[in-house]
Amino acid sequence: MSARNLFPFFSANPELAYLDSAATSQRLGSVIEKERDFSSGFNAPIHRSAYSLAFKATEEFEGVRKKTASLLGARAEEVVFSSSATAAFNLLANSLGYVEDPESPLFIGEGDEILLSRSEHNSVLLPFQELARRRGARLKFLPMTEEGEVCGWKEAIGEKTKVVAVSRLSNVTGAFAPVSEISEESHRAGAIVVSDLCQALAHERTDVKAMGIDFAAFSAHKVFGPTGLGFLYGRKPLLDLLPPSFFGGSMVESAWEDRSAVYKKAPWKFEAGTQPVSQAIAFEPALDFLQNRKEEEAALTRLLLEASSIPGVKILGPSSFKNRAPILSFAVDGVHPHDVAQFMDANGVAVRSGHQCAQILHRSFGFPSSTRASLSVYSETWEVDRFLDLLSRVRPYFLKGE
Amino acid sequence: MMEDLSNLYREVILEASREAHGRTENLEGGLVASSSHCAYASGFNPSCGDEVEMKVEMEGGDIKAVAWKGEGCAICTASLSIMTDLVQGKSRKEALNLYEDFLRLMDGRGKGEAPESLKDAAAFSGVAKFPMRIKCALLGWTTLKEALEEAGE
């Protein structure tokens, strides 16, 4: 059975070629049902009440923490709930800014360096840029190849490097980064490794331990789950050392009027206030789906890359289909990405246009923005065929008479 | 579905986007009248990264010429091009009135009926039906308004 049947969106929109899964994926029917079941059947507060319904809700919620950990190859205590990947990266960067002990492996001080790849999404770039500014640290960028692949980390990582942030899969170039190799080099220099897994998890089962990742984040809505839910992964000893930076109910053991509160252990010390409980519980079937899925994207990735042979189309990313996911950003000579996307939309293809929250990368490529087509488990050949056909007609439509 | 598209990208718009009247590589040079003074403004559309820098050359309260520099989509470029032609020779006040007319057209408050004053810019009435593109059509006009306000001081 095609995975497409598991997604009600496609019954509601049978004619549409949805090629914007890198922005948000469609949701599994089982996710939608689970959220309804929880909301209508066993909605109750978690972690605080003694009645059986509240216990069931708590069990389900904590069960999602376990399944998320299992998907990442991590332990349950290493997974923190958040409202989005952006919120998770802000939590991490803010908390790093709260580290006061200069001996801590997490301490970032004057003159230290935070090293980022050029393809980092604004949700990684900006929290770390602010952290660097507040701590007097320097923000530096790894070089990239002409095709947008991370390179030169051996030379770039040095004594002063405290954080290296490289997303496993770029939302623009579709290239997988060699995070394992970068981790090895980073750890040798005593730096921690942060990896954005938002795109990667839709296309592979990233194992954070095998890759040597210290901190990672992802959001549920990019992997067939609901919006409003994200996760932070942190390697246990580091998560223990990381202070909370968001305070309130549920994250505290005891509060006093005349001395500092005693906070819970990680991961709960990072979960102040009511968590996105409905979304978390609804996410459970998506985790099962991710755990059991088989990778079958190579053929579609190859087909998508045929775009590069269309006259006037320039790919922002690797031209080879190896180490690549079906995420394709491109520029059309003489036609603005907004016009490309509008032309596609009028013909039943949804693609992204703009800088895709990656302005630094776009500037490095020499284009202010691009158009992006991205596929997922439910994508079908006819969608890519229609996209390619339209792409070949864009320039004749807009540039006629030239 | 192509019908939709031709309502947005009317022939006059596609043509204007290719001709791009007023576009220049260098805003510094090319003054039309030696006695004139110039007002500058720039506009930015954060959702697509489009940027325009504009120079409005004034003489005795009238617009002698508009020059602009930047990259934009077909709607944005066409709007700048048609606006450049439209406001040339107009007084500051007349140009600001045209801005208001165009704004009303984009808001759809005129129910798609463009006042005659807008001439070729009336072709943008189709844009009002594509809310995501209204800011593309407006970028040039809001930048002009800013320049004129500066010139008015």
Side-chain angles (χ1 to χ4, degrees), chain A residues 13-17 20 23 122 126 172 312 314 316 329 331-372 386-387 389-390 393-402, chain B residues 1-21 23 25 42-53 68-82 106 123-140 143:
Chain A
N13 302 277
E15 300 296 320
L16 176 69
D20 199 17
N122 281 342
L126 299 178
V172 177
K314 180 176 169 11
L316 277 61
S329 298
V332 179
D333 188 29
V335 187
H336 192 280
H338 267 32
D339 296 319
V340 176
Q342 193 86 59
F343 182 79
M344 298 254 170
D345 180 53
N347 293 283
V349 177
V351 291
R352 172 75 189 266
S353 57
H355 53 62
Q356 304 168 35
C357 304
Q359 282 141 310
I360 289 180
L361 182 66
H362 274 88
R363 252 177 246 128
S364 303
F365 274 120
F367 295 94
S369 59
S370 64
T371 312
R372 178 185 69 195
R386 188 192 287 176
F387 161 75
D389 172 52
L390 287 169
R393 284 159 48 198
V394 163
R395 293 182 81 237
Y397 181 84
F398 285 100
L399 305 177
K400 59 195 155 194
E402 282 211 347
Chain B
M1 274 191 271
M2 285 301 272
E3 240 171 288
D4 256 352
L5 206 60
S6 55
N7 194 27
L8 176 66
Y9 296 116
R10 293 185 187 158
E11 200 43 58
V12 57
I13 291 181
L14 285 178
E15 208 178 289
S17 84
R18 291 190 289 262
E19 288 173 358
H21 292 171
R23 176 184 264 163
E25 291 304 309
S42 61
F44 181 60
N45 185 347
S47 74
C48 57
D50 285 352
E51 246 176 317
V52 61
E53 288 175 65
W68 53 272
K69 188 183 151 190
E71 292 296 323
C73 63
I75 301 297
C76 174
T77 308
S79 186
L80 273 157
S81 177
I82 290 171
M106 289 299 102
F124 290 93
S125 61
V127 177
K129 296 190 188 77
F130 295 81
M132 300 289 287
R133 304 307 294 277
I134 290 175
K135 56 189 183 310
C136 311
L138 278 177
L139 185 66
T143 310

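Note that these values count all heavy atoms, side chains included, but never hydrogens, waters or copies made by symmetry. All values derive from a computational prediction rather than experimental measurement. So that the names make sense, note that chain A is the first sequence line, chain B the second, and so on, each numbered from 1.
Within the 3.5 Å criterion, the main-chain N or O of A/H355 finds no donor-acceptor partner in the side chain of A/S369. A donor-acceptor pair is defined here as one N or O able to donate and one able to accept, closer than 3.5 Å; such a pair exists between the side chain of A/R395 and the backbone of A/D333. Counting only distance, with no hydrogens or angles, the side chain of B/T143 and the backbone of B/L139 share a donor-acceptor pair below 3.5 Å. Put simply, the side chain of B/T77 gets close to the backbone of B/C73: a donor and an acceptor are under 3.5 Å apart. With hydrogens and angles disregarded, no donor-acceptor distance shorter than 3.5 Å links the side chain of B/S42 to the backbone of B/E53. Under the 3.5 Å distance criterion, the side-chain polar atoms of B/R18 are matched with a main-chain donor or acceptor of A/F398.
For residues 10-17 of chain B, heavy-atom neighbours of chain A at less than 4.5 Å comprise B/E11, B/L14, sorted by residue number. Annotation: residues 335-342 of chain A contacts chain B through A/H336, A/H338, A/D339, A/Q342 [non-hydrogen atoms, separation under 4.5 Å].
For a residue to count as touching a neighbouring chain, one of its non-hydrogen atoms must lie under 4.5 Å from one of that chain's; by this rule B/C136 touches chain A with the side chain only. Heavy atoms closer than 4.5 Å to chain A are found in both the backbone and the side chain of B/Y9.
In this structure, NZ in B/K129 is found 11.0 Å from CD1 in B/I134, a value given to the nearest 0.5 Å.
Residues passing the side chain to side chain contact (heavy atoms under 4.5 Å, CB included) test with A/K314, sequence neighbours excluded: A/F367. Annotation: side-chain hydrogen bond (donor to acceptor under 3.5 Å, both in side chains) contacts of A/S370 (sequence neighbours excluded): A/Q356, A/H362.
Relative to the six-membered ring of A/Y397, A/K400 meets both conditions, a distance below 6.0 Å and an angle of at most 45° to the axis.
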